[in-house]
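Below: the structure, in structure tokens.
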Amino acid sequence: MNKTILITAAILGILSIVLGAFAAHGLKELISVESQQTFETGVRYQMYHSIFLLFVGTTSIISLKAKKSIFYCTLIGLLFFSGSIYALATNTLTGFDFKTIGFITPIGGLLLIAAWLILLINFLKIDKDKS
């Protein structure tokens, strides 16, 4: 599981850099400044959670069950949160109205929060296990 988490973290990190560069250079003339800022929010959260997964994949202080839950919450959360933000920010460039699927953005956010809560709960259990 650790290897899967680490590989996914690296891929998400690489994609963050590629998408950030694309937004800064390729989208600059195509979308509004507000949409560029929105797109950058998606990139920023993707990078934050790439680093988060790097930590999860390298630590031994949380259980395998928790790692799996954190991994899936983070991965699906990023797909919903950042993915929908990318789509909404570039909405004017496509024929599909991504505003119709905008409701998945907060679902993604809740999944990202859930991943952090699972981590917190596992940290709180550390002292109990040592007692």
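Here the rule is side chain to side chain contact (heavy atoms under 4.5 Å, CB included) with Leu112, and of Ile107, Leu117, Leu78, Ile76 only Leu78 fits it.
Taking hydrophobic clusters as Ile, Leu, Val, Met, Phe, Trp and Tyr residues chained together by side-chain heavy-atom distances below 4.5 Å, Val33 does not share a cluster with Ile31. In the hydrophobic cluster analysis, where Ile, Leu, Val, Met, Phe, Trp and Tyr join through side-chain heavy atoms closer than 4.5 angstrom, Leu119 is grouped together with Tyr72. Leu79 and Tyr86 are assigned to two separate hydrophobic clusters, defined by single-linkage of ILVMFWY side chains at heavy-atom distances under 4.5 Å. Cluster membership check: Leu19 does not share its hydrophobic cluster with Ile14, using side-chain heavy-atom separations under 4.5 Å among Ile, Leu, Val, Met, Phe, Trp and Tyr. A continuous path of ILVMFWY side-chain contacts below 4.5 Å connects Phe22 to Leu93, so both sit in one hydrophobic cluster.
Annotation for Phe71: atom CZ counts as buried by contact number, over 12 foreign heavy atoms lying within 6.0 Å. For Phe123, the CZ atom is densely surrounded, since the number of other residues' heavy atoms within 6.0 Å is greater than 12.
Within the 4.5 Å cutoff, the side chain of His49 has no heavy atoms near those of the Leu12 side chain. No side-chain heavy atom of Thr92 sits under 4.5 Å from any side-chain heavy atom of Ser35. In this structure the side chain of Thr8 never reaches within 4.5 angstrom of the side chain of Ile11, judged on heavy atoms. Contact of the Ile126 side chain with the Ile61 side chain is registered, since non-hydrogen atoms from C-beta on lie closer than 4.5 Å. Between Val43 and Met47, every side-chain heavy-atom pair lies at or beyond the 4.5 Å cut-off. Side-chain atoms of Leu111 and Thr74, non-hydrogen and from C-beta on, never get closer than 4.5 Å to each other.
Here the closest heavy-atom approach between residue Phe39 and residue Ala23 is recorded as CD2-CB, 3.3 Å. The two residues Ile85 and Thr41 have their closest heavy-atom pair at CD1-CG2, 4.4 Å. Residues Val56 and Ile70 approach most closely at CG2-CG2, 3.8 Å, considering heavy atoms. Nearest heavy-atom pair across Ser82 and Gln46 is OG-N, 3.8 Å. Here the shortest heavy-atom pairing between Ser84 and Ile104 reads CB-CG1, 3.7 Å. Residues Cys73 and Ile118 come closest through the heavy atom pair SG-CD1, 4.2 Å.
We find the CZ-CH2 distance between Phe52 and Trp116 to be 5.0 Å, quoted to the nearest 0.5 Å. To the nearest 0.5 Å, the span separating CZ on Phe103 from CZ on Phe80 amounts to 8.0 Å. Summarising the geometry, atom CG belonging to Leu75 is positioned 8.0 Å from atom CG belonging to Leu53; distances are rounded to the nearest 0.5 Å. Atom CD of residue Gln36 and atom CD of residue Glu34 lie 11.0 Å apart, to the nearest 0.5 angstrom. Note that CG of Asn91 is 9.0 Å distant from CD1 of Ile101, once rounded to the nearest 0.5 Å. Rounded to the nearest 0.5 angstrom, Glu40 CD and Leu27 CG are separated by 10.0 Å.
A donor-acceptor pair is defined here as one N or O able to donate and one able to accept, closer than 3.5 Å; such a pair exists between the side chain of Lys67 and the backbone of Thr59. Distance alone, capped at 3.5 Å, is enough to place a donor-acceptor pair between the Ser63 side chain and the Ala66 backbone.
Tyr45 has its ring centre less than 6.0 Å from the ring centre of Tyr48.
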